[in-house]
Amino acid sequence: MKYVDVTQVQKRMNGRILKNNSFKVLFLLATIFGLIVLGVLIAQVLTDGLSWINWDFISGKLSTDANRAGIMGAILGTFWVMVVVAPVTLIIGIGSAIYLELYAKKGRVQSFIQTNIANLAGVPSIVYGILGLTIFVRALDFGNIVLAGGLTLSLLVLPIVIVAAQEAIRSVPQHLSEASYGMGATKWQTIKNIILPAALPGILTGAILALSRAIGETAPLTVIGIPALLIPFPGGIFDKFTALPMQIYYWTLDSSLVEEYANLAAATIVVLLLLLFILNSTAIIIRNKFQQRY
Amino acid sequence: MATSSDLNNTNAVQIRDMIEQKKKKKNLFNFLEKAVPVLLFLFAAISILTTIGIIYTLLSETIEFFKVVPMIEFFTGTVLKPMSQNPEFGVLPLLAGTVTSSVIAMLVAGPIGLMAAIYLSEYASDKVRRVLKPLLEVLAGIPTIVYGFFAFTFVTPLIRSIWPEVEATNILSPGIVMGIMIIPMIASLSEDAMTSVPNSMREGALALGATKLESTFKVVIPAALSGIIASFVLGISRAIGETMIVTIASGSSKNFSFDITQSMQTMTAYIVEVSGGEAPAGSTIYYSLYAVAMTLFVFTLLMNLLARYISRKFREEY
């Protein structure tokens, strides 16, 4: 009895192998497609913007005149926003993560908070903008100052920091904390002296990635009502401000009116991407250098 | 003799002091041990407060809006003219814009993301994967405003050089760029789902003479289907909530149509336009902001819950 017709199988084999190989190429192309677009995007931004970057552009004040416009105000605005976002998200993020991982009893409350954080991570950033507009700008009457923008962005990236910190804390091996308890340390002492130092690289990596997300966010800031042309430099967190992505937004929108604005937007994008590149590289270095494998 | 009793005395005093100090310290420790969890709980509660804040602000202002504009009119109206003398607030033009851009984005991101996932999980060697995956993630880390710039100054002119009927602001170009932005997300989530299919199943298929392609489509993908579908749903949710790309590249035309060559406004772009225009607090336009945001919030929340439900409920356990 012949269950398998060898000649039939062999006849079809070449076709099947050809199909397999051609699909393999197709899948590879699909994977590379995104990278090609990335390359085109960066090349386009560089050709449009690179020649516009000089010291006057970096250090100058904003202006409607494309040839005299500079982005120092936007750089400082982004800097002051970071000054708000970094400590707020670190403190609240680490605190929440410690509570959820080490104090909360596994049960309703803990899983409720956890689900809630997962849902918050999926809320569109523009909705956070509306929250910020309603609470910080209007109800607390901050106006559109750095603090209002920074707190809004903090709420936006908080879920990222919490989840990263939770993972970092979870990856600290049990025997370290058991040894600490064995020496007579209390729970808080163990957390403070053993668990947090061991989890710190992971937490910092997550926090930096969250920070870079916050820096690039535009939608919440547009809702808060950042002005298009703000000449004075912000000197602290209580000043009105503009930020790098906002400047990109306005210049791109108006590039149909003044052609050079597209170049200004591209040059600002180069600065923004450079900043993000530095931040992300720092995160990767921290992760590779300080993260211990137990 | 006196000296010795003095010595005893001082010793006793010192020890008593030490005990006192130790007690004090212990009190502090005890206090910390009790206070710290409370403090940390308050931090964790901020995320709950955020949710409550979002729902409360959206809901209360939306209710105000529905007092002026009936709910039926809002959800079935095909005309959106918030700035005119006789303003009309139909949300359907915005929904059309959001649906159209999301469909275009998913037509790009779905197939390409899935194919990339297949390549990374089934075909790529470990070395290749370790290079390609982080590079793809760079794509996900680029701010959306940069994609907006790219759509407006590069993709739109490119499309118009091929298809001249396309307008300077249109929904096609931001839809495509949004899709490119979502590729890494779908690729990485689908890849996770596919890598978690146990090797023994692949090996079973290969041992029966299947090619890699056949084992992928007949064994791995069916087994990972729940995770793949969940990644698609999350991708849709992301597309619905995406703001800057459509705001920049699709303009603000509020026509109720599905014409991809024309400018269409999405819900997110409407929120940017209205809030950026400094709508006076208390006006109907101002409240319409919240009604649209509420609609957007509910849509994305449902999508996210659906994704989690699918990946949990239909997961095949091995």
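In what follows, chains are A, B, ... by sequence order, proteins preceding strands, each numbered from 1.
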Colleague: Can you tell which part of B/Phe152 gets under 4.5 Å to a heavy atom of chain A, answering side chain, backbone, both or neither?
Modeller: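 It is the side chain, since no backbone atom gets that close.
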
Colleague: If I measure from the heavy atoms of chain A, does B/Leu135 come under 4.5 Å with its side chain, its backbone, both, or neither?
Modeller: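 Both the backbone and the side chain of B/Leu135 come within 4.5 Å of chain A.
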
Colleague: Rounded to the nearest 0.5 Å, what separates atom CD1 in B/Ile145 from atom CD in A/Gln247?
Modeller: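 So the CD1 of B/Ile145 and the CD of A/Gln247 are separated by 10.5 Å.
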
Colleague: Using non-hydrogen atoms and a 4.5 Å limit, figure out which bit of A/Ile269 sits close to chain B: side chain, backbone, both or neither.
Modeller: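 Answer is side chain: those atoms of A/Ile269 sit under 4.5 Å from chain B.
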
Colleague: Side chain, backbone, both or neither: which part of A/Ile117 has a heavy atom under 4.5 Å from chain B?
Modeller: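 For A/Ile117, side-chain heavy atoms alone lie under 4.5 Å from chain B.
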
Colleague: May I ask you to check whether A/Gln166 and A/Gln114 show a side-chain donor-acceptor distance below 3.5 Å?
Modeller: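 Present: a donor and an acceptor within the cut-off.
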
Colleague: Sort A/Ile191 into side chain, backbone, both or neither according to what part of it lies under 4.5 angstrom from a heavy atom of chain B.
Modeller: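 Neither part.
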
Colleague: B/Arg238 versus chain A, heavy atoms under 4.5 Å apart: side chain, backbone, both or neither?
Modeller: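 For B/Arg238, no heavy atom lies under 4.5 Å from chain A.
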
Colleague: Please classify the contact between A/Ser255 and chain B as side chain, backbone, both or neither, with a heavy-atom cut-off of under 4.5 Å.
Modeller: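 It is the side chain, since no backbone atom gets that close.
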
Colleague: Which bit of A/Ala266 is near chain B, if near means a heavy-atom gap under 4.5 Å: side chain, backbone, both or neither?
Modeller: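 For A/Ala266, heavy atoms of backbone and side chain both lie under 4.5 Å from chain B.
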
Colleague: Quick one: pull up CZ in B/Phe149 and CD1 in B/Ile142 and give me the separation to the nearest 0.5 Å.
Modeller: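 The distance works out to 12.5 Å.
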
Colleague: Is it the backbone or the side chain of A/Ile135 that comes under 4.5 Å from a heavy atom of chain B, or both, or neither?
Modeller: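 Contact with chain B involves the side chain of A/Ile135 alone.
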
Colleague: Let me know if B/Leu58 has heavy atoms under 4.5 Å from chain A in its side chain, its backbone, both or neither.
Modeller: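 Contact with chain A: side chain only.
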
Colleague: So which of A/Leu155, A/Ile113, A/Leu158, A/Thr186 has the largest heavy-atom pair count under 4.5 angstrom toward chain B?
Modeller: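 Heavy-atom pair counts peak at A/Thr186.
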
Colleague: Less than 4.5 Å to any heavy atom of chain A: does that hold for the side chain of B/Ile180, its backbone, both, or neither?
Modeller: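 Contact with chain A involves the side chain of B/Ile180 alone.
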
Colleague: Which atoms of B/Leu42 come close to chain A, meaning under 4.5 Å heavy atom to heavy atom: side chain ones, backbone ones, both, or neither?
Modeller: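 Answer is neither: B/Leu42 stays 4.5 Å or more from chain A.
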
Colleague: Classify the side-chain pair B/Tyr270/B/Ser288 by whether it contains a donor and acceptor separated by less than 3.5 Å.
Modeller: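 Yes, because at least one side-chain N or O of B/Tyr270 sits under 3.5 Å from a partner of the opposite role on B/Ser288.
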
Colleague: For A/Ala97, is it the side chain, the backbone, both or neither that has a heavy atom under 4.5 Å from a heavy atom of chain B?
Modeller: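 Answer is neither: A/Ala97 stays 4.5 Å or more from chain B.
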
Colleague: Which bit of B/Ile112 comes within less than 4.5 Å of chain A, counting heavy atoms only: side chain, backbone, both or neither?
Modeller: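 Both parts, backbone and side chain.
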
Colleague: Out of A/Thr134, A/Leu209, A/Thr222, A/Leu41, which one racks up the most heavy-atom pairs below 4.5 Å with chain B?
Modeller: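 Looking at each option in turn, the highest pair count goes to A/Leu41.
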
Colleague: Return the option, out of A/Ile130, A/Asn280, A/Ile248, with the maximum number of heavy-atom pairs under 4.5 Å with chain B.
Modeller: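 Highest number of pairs under 4.5 Å: A/Ile130.
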
Colleague: Taking B/Ala249's backbone N and O only, do any of them form a donor-acceptor pair with B/Thr169's side chain (distance below 3.5 Å, no angle check)?
Modeller: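 The answer is no, because no donor-acceptor pair under 3.5 Å joins these two groups.
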
Colleague: What are the two closest non-hydrogen atoms of A/Ala185 and A/Tyr181, and how far apart are they?
Modeller: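 Shortest heavy-atom separation between A/Ala185 and A/Tyr181 comes out as O-CD2, 3.6 Å.
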
Colleague: Given the side-chain rings of A/Phe27 and B/Tyr123, with only the six-membered ring counted for Trp, is the space between their centroids under 6.0 Å?
Modeller: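 For A/Phe27 and B/Tyr123, the ring centres are under 6.0 Å apart.
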
Colleague: Might you work through the side chain to side chain contact (heavy atoms under 4.5 Å, CB included) test for A/Leu156 and A/Val123, ending with a clear yes or no?
Modeller: CA-CA 9 Å; A/Leu156 171 67; A/Val123 172; over 6 Å; no

Colleague: Against chain A, label B/Ile183 side chain, backbone, both or neither, depending on which of its atoms sit under 4.5 Å from a heavy atom there.
Modeller: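 For B/Ile183, side-chain heavy atoms alone lie under 4.5 Å from chain A.
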
Colleague: Is A/Phe112 in contact with chain B via its backbone, its side chain, both, or neither, using a 4.5 Å heavy-atom distance?
Modeller: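 Side chain only.
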
Colleague: Can a donor-acceptor pair be found, under 3.5 Å and without considering hydrogens, that links the side chain of A/Thr78 to the backbone of A/Leu244?
Modeller: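 Checking the backbone N and O of A/Leu244 against the side chain of A/Thr78, a donor-acceptor pair under 3.5 Å is found.
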
Colleague: Identify which part of B/Phe217 has an atom lying under 4.5 Å from any heavy atom of chain A, answering side chain, backbone, both or neither.
Modeller: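 Only the side chain of B/Phe217 comes within 4.5 Å of chain A.
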
Colleague: Under the 6.0 Å and 45° cation-pi test, does A/Lys187 pair with A/Tyr103?
Modeller: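 Satisfied, under 6.0 Å and within 45°.
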
Colleague: Applying salt bridge (charged side-chain N to carboxylate O under 4.0 Å, His left out) to A/Arg213 and A/Glu217, what does each step give before you reach the verdict?
Modeller: CA-CA 6 Å; A/Arg213 166 93 196 275; A/Glu217 270 300 336; 3.2 Å; yes

Colleague: Would you say that B/Ile52 contacts B/Ile48 through its side chain, given a criterion of any heavy-atom pair below 4.5 Å between the two side chains?
Modeller: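 B/Ile52 reaches B/Ile48 side chain to side chain.
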
Colleague: Measuring heavy-atom distances to chain A, does B/Tyr56 have an atom under 4.5 Å in its side chain, in its backbone, in both, or in neither?
Modeller: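 No part of B/Tyr56 comes within 4.5 Å of chain A.
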
Colleague: Do A/Leu153 and A/Pro220 make a side-chain contact, defined as non-hydrogen atoms from C-beta onward lying under 4.5 Å apart?
Modeller: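 In short, these two side chains touch, coming nearer than 4.5 Å.
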
Colleague: I'd like to verify something: which residue of A/Ile91, A/Ile17, A/Leu273, A/Asp48 has the highest number of heavy-atom pairs under 4.5 Å with chain B?
Modeller: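 Most heavy-atom pairs within the cutoff with chain B belong to A/Ile91.
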
Colleague: Is chain A contacted by the side chain of B/Thr211, its backbone, both, or neither, given a heavy-atom distance below 4.5 Å?
Modeller: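 Both parts, backbone and side chain.
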
Colleague: Counting only heavy atoms closer than 4.5 Å, note whether A/Val223 contacts chain B via side chain, backbone, both or neither.
Modeller: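 Both parts, backbone and side chain.
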
Colleague: With B/Ser231 as reference, evaluate B/Ser190, B/Ser311, B/Ser188 under the side chain to side chain donor-acceptor pair (under 3.5 Å) test and give the passing residue.
Modeller: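 The side chain to side chain donor-acceptor pair (under 3.5 Å) with B/Ser231 is passed solely by B/Ser190 among B/Ser190, B/Ser311, B/Ser188.
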
Colleague: Taking NZ, NE, NH1 and NH2 as the nitrogens, is one of them in A/Lys19 or B/Glu214 under 4.0 Å from a carboxylate oxygen of the other?
Modeller: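 No salt bridge links A/Lys19 with B/Glu214.
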
Colleague: Mind ranking B/Met181, B/Arg308, B/Lys212 by heavy-atom pairs under 4.5 Å with chain A and telling me who comes out on top?
Modeller: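 Option with the top pair count is B/Arg308.
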
Colleague: I'd like to know which of A/Leu253, A/Leu133, A/Asn119 tops the heavy-atom pair count under 4.5 Å against chain B.
Modeller: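 Answer, by heavy-atom pair count under 4.5 Å with chain B: A/Asn119.
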
Colleague: Using a cut-off of under 4.5 Å on heavy-atom pairs, state which of B/Met115, B/Met303, B/Glu242, B/Glu122 scores highest against chain A.
Modeller: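 Winner by heavy-atom pair count: B/Met115.
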
Colleague: For B/Thr156 and B/Ser173, does a side-chain donor sit closer than 3.5 Å to a side-chain acceptor?
Modeller: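 Note: B/Thr156 and B/Ser173 side chains meet the donor-acceptor criterion.
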
